[in-house]
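Residue numbers begin at 1 in each chain, while the letters A, B, ... track the order of the sequences.
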2 protein chains.
Amino acid sequence: MDVARLAGVSQKTVSRVFNDEPYVSAEVRRRVLEAAEELGYRLNNAARALASGRTRSIGVVTLGTALYGPASLIMGVERAVRDSGYTVRVVNTVEGDPAGVAGAVDSLLDQGVDGIVISEPIDDGHDGDLSGLVDVPILVLGAPPLPAPRALAAGVGAALMARAATEHLLDLGHATVHHLAGPQRWYAARDRLEGWRAALAAHGRTVPPVVEGDWSAASGYAAGHELASDGDMTAVFAANDDMAIGLIRALAEAGRRVPDDVSVVGFDDIPVAAYVNPPLTTMRQPFDAVAQEGLKRLVHSIENPQADPLPASDPPVDLVVRASTAPPPPRMTPGRARRTVSPPSGGRHSPPPNGGASTHN
Amino acid sequence: MDVARLAGVSQKTVSRVFNDEPYVSAEVRRRVLEAAEELGYRLNNAARALASGRTRSIGVVTLGTALYGPASLIMGVERAVRDSGYTVRVVNTVEGDPAGVAGAVDSLLDQGVDGIVISEPIDDGHDGDLSGLVDVPILVLGAPPLPAPRALAAGVGAALMARAATEHLLDLGHATVHHLAGPQRWYAARDRLEGWRAALAAHGRTVPPVVEGDWSAASGYAAGHELASDGDMTAVFAANDDMAIGLIRALAEAGRRVPDDVSVVGFDDIPVAAYVNPPLTTMRQPFDAVAQEGLKRLVHSIENPQADPLPASDPPVDLVVRASTAPPPPRMTPGRARRTVSPPSGGRHSPPPNGGASTHN
DNA sequence: TTGAAAGCGCTAACAA
DNA sequence: TTGTTAGCGCTTTCAA
């Protein structure tokens, strides 16, 4: 190694300097650094990985989507990985891909990652056979741990958040709350459904039939037309903001005003949520907190193979109340009020002055 | 190597099999594959990289944001990289990070990538000194090529798209078009501004003062309140959809209806664009096409170091016309019509029946 | 069509 | 506090 020669030391000493190992005199360190600088030297990662058996990289498996939730989580994960001194390797899966998550994990293993993060997975029946292959720690975000020997999970508190969202509507006085669910292949969608159901059960309310969307505003729009025909419906908890926005549009077309006739709660707090019409009440997801906490536990497992994994903690609940929720309208007659064809009523150009106002809870 | 022993061949032959090199008899190939299977063998990437000097990986530098545009581009890039047989290493930069792009590139170089993709960069004055360091091909998406020896650029057609968006409004009969620009540190924002200006110039229209936002709906909302005071304004081209949505909300609060009083065009075609109120006319960005084409050229440069780089091509223009644009309102009096305090007029519950209808151009 | 030898640039283990 | 000796598991080069 040229740097060693130029600095007049052994190769191993150079290695020590670059790894911040102890037992290097300040003088020698200086000489080595100087020589390295002069030669434009940089550590060769491949050689390092080969000799040490560790790549200092963490693989990330994500569903290839620009959906706000998954994308935000991934940003958080990348930052957290880098803060831990690791590098990131990414593999996207495509929904419907037969190889799916298992294939992605396999390719990451090929690349020799020291640990794996799986984000926002869907349960398509293709995973589950990872038990034998995976010998590195593996963290699953927003789902139960995979059946692998060194599995961890984080961010499974979605049910709690969904429950809080539902209870916000019940607290406003709504008799019950409808649910516009996400695709049930997604763990996150199932968690939210479950939290909603739990809230209704805890308060002894009737459980209306569930309408399922696919996360998109388009599916929320379709669901909205379906739900609008139910004259008794006064409140909807949508499993994400995009669907809530589509839903609100369909309700408006059907002559049901939000929040006057129907209250709507979303989930995620996407950036435009405060600016749509009306501004959306929604559950804010603590993406960064989940990513950071999960990563801390993953890195701990990587670096302390023997020790017990660190315990998980529940993410905080953070409801942002805006203008899409209100008390239910007064009931007009004991029977079903026929308001499906209610004509457009009055002017509507003075929405509540709350562009970005938000209240936490 | 155990596989070699078990198959009764040399190490080199195993290598040949796994690299699909010629000159291996079918019989030998079969034996090797069989032995590998039995031993659960997988190629060690670190060793491979060390011996060959190539990592078969491409580094991606992105601004750490969940904005729809950048996030979509990155998904496209990941897919394109993988389709080319490379793996992906990601580094996010943080806006305001002093190290910035140069630091990210450096860290990627440390990791030994064979090529680099930089996406959606902002011009913060920190890059530019990469010329000496970077010896691998480097592709910049949505910006001029970096001053590096093997630099490429792709997706710089934003000005053309902005021009088309502006001309759509002029074609509808608007006297001129205002522009709600993105932050001018972003190349993309500057391109769009330039395209807008070019369209106005080509048609001999007056160029109104530019209002600058930061891509967020919040900034669009603020800009909307500012623009609403100009009674002559009848059309706005917003540099992205989020800002357009905030803008429309502010206009509504100021009593200016969209599209009756003011037409608005956005940029990106984010998923909710068809479902906000009113559905947004917007320029759709061909993220996948840009990513794929750019990557093809990058890989070509990696694998043919001597050859001339492949030429770039302009992305297609794809305007999605929805309900936020219409001809300007008839002018009421020769002077300035005092309509800033115009009261809410009539019912509004029957938006045009165009939930997702779109027209290409 | 196959194999032997050498070494990529580092770190582990031990010695001095 | 520093150095020596071996490899890590592949690919390269050359020879058979």
Side-chain angles (χ1 to χ4, degrees), chain A residues 1-36 38-57 85-87 109-114 135-136 302-303 305, chain B residues 1-36 38-57 85-87 109-114 135-136 302-303 305:
Chain A
M1 182 189 288
D2 302 338
V3 174
R5 219 185 355 255
L6 191 94
V9 299
S10 77
Q11 207 179 111
K12 175 66 218 186
T13 298
V14 174
S15 169
R16 275 196 262 261
V17 169
F18 277 93
N19 286 294
D20 277 325
E21 281 173 34
Y23 304 129
V24 185
S25 70
E27 157 64 7
V28 168
R29 158 167 279 117
R30 198 190 49 66
R31 275 214 323 271
V32 169
L33 256 19
E34 209 163 66
E38 186 168 331
L39 267 43
Y41 169 77
R42 53 194 350 152
L43 263 173
N44 178 318
N45 244 281
R48 214 148 103 107
L50 179 57
S52 70
R54 291 184 46 197
T55 58
R56 288 148 224 255
S57 69
Y86 286 75
T87 63
L109 255 18
D110 261 356
Q111 297 174 44
V113 296
D114 293 340
D135 47 351
V136 302
I302 291 173
E303 297 177 350
Chain B
M1 181 190 286
D2 302 337
V3 174
R5 218 183 356 255
L6 191 94
V9 298
S10 78
Q11 210 181 109
K12 173 66 220 187
T13 298
V14 173
S15 169
R16 275 197 261 262
V17 168
F18 277 92
N19 287 295
D20 278 326
E21 281 172 34
Y23 304 129
V24 185
S25 71
E27 157 63 7
V28 168
R29 159 166 277 117
R30 199 191 49 66
R31 275 212 324 269
V32 169
L33 256 18
E34 208 162 66
E38 186 166 331
L39 267 42
Y41 169 78
R42 51 189 358 149
L43 262 175
N44 178 319
N45 245 282
R48 216 148 102 106
L50 179 57
S52 70
R54 291 187 44 197
T55 57
R56 288 147 224 258
S57 69
Y86 286 75
T87 63
L109 255 19
D110 262 354
Q111 296 173 45
V113 296
D114 293 340
D135 48 350
V136 302
I302 291 174
E303 296 177 350

Mind calculating the distance between CZ (Arg48(A)) and P (dA12(C)) to the nearest angstrom?
-> 10 Å

How many angstroms lie between CD in Glu38(A) and CG in Leu6(A), if you round to the nearest 0.5 Å?
-> 5.5 Å

Can you name the nearest heavy-atom pair linking Pro22(B) to Arg16(B), along with the distance?
-> O-CD, 3.9 Å

Rounded distance in Å - CZ (Arg54(B)) to P (dT12(D)) = 9 Å

Give every pair of a protein N or O atom and an N or O atom of nucleotides 13-16 of chain C that lie under 3.5 Å apart, one pair per line with the distance.
none

Where the side chain of Asn45(A) meets the backbone of Asp110(B), is there a donor-acceptor pair that is under 3.5 Å apart?
-> yes

Nucleotide of dA4(C), dT2(D), dG7(D) approaching Ala51(A) most closely (side-chain heavy atoms) | dG7(D)

Just checking Arg42(B): base, sugar-phosphate only, or nothing, at a heavy-atom cut-off of under 4.0 Å?
-> sugar-phosphate

Val136(B) and Ile302(B), any side-chain heavy atoms less than 4.5 Å apart | no

Heavy-atom contacts under 4.0 Å between residues 24-31 of chain B and DNA chain C, which residues?
-> Val24(B), Ser25(B), Val28(B)

Nearest heavy-atom pair of Glu21(A) and Arg29(A): which atoms, and what distance?
-> O-NH2, 4.0 Å

Would you call Glu34(B) and Arg31(B) a salt bridge, using N to O less than 4.0 angstrom?
-> no

Taking the side chain as every heavy atom from C-beta outward, state whether Phe18(B) and Val32(B) have any atom pair closer than 4.5 Å.
-> yes

Determine: side-chain N/O of Asn19(A) to OP1/OP2 of dT11(C), distance under 4.0 Å, yes or no.
-> yes

Using atom CD of Glu21(B) as one end and atom P of dT13(D) as the other, report the distance to the nearest whole Å.
-> 12 Å

Check whether any side-chain nitrogen or oxygen of Ser15(B) sits under 4.0 Å from OP1 or OP2 of dC10(D), and answer yes or no.
-> no

Ser10(B) or Ala46(A), whichever maps to the more 5' nucleotide of DNA chain C = Ser10(B)

Which atom names give the shortest non-hydrogen contact between Leu50(A) and Ala47(B), and what distance separates them?
-> CD1-CB, 3.6 Å

Atom CZ of Phe18(B) and atom P of dC10(D): how far apart are they, to the nearest Å?
-> 9 Å

Has Thr13(A) got a side-chain N or O lying under 4.0 Å from the OP1 or OP2 atom of dG3(D)?
-> yes

Which pair of non-hydrogen atoms, one from Leu43(B) and one from Arg48(B), has the smallest distance, and what is that distance?
-> CD1-NH1, 3.4 Å

Starting from P on dT1(D), measure out to CD on Gln11(A) and report it in whole angstrom.
-> 22 Å

Can you tell me if the side-chain N/O atoms of Ser52(B) get under 4.0 Å from OP1 or OP2 in dT11(D)?
-> no

Within less than 4.0 Å of OP1 or OP2 of dA16(D), is there a side-chain N or O belonging to Tyr23(B)?
-> no

Atom CG of Asn44(B) to atom C1' of dG9(D): distance rounded to whole Å?
-> 6 Å

Please report the closest heavy-atom contact between Thr55(B) and Asp114(B), naming both atoms and the distance.
-> N-OD1, 3.2 Å

Would you mind reading off the distance between Leu50(B) atom CG and dG9(D) atom C1', rounded to a whole angstrom?
-> 9 Å

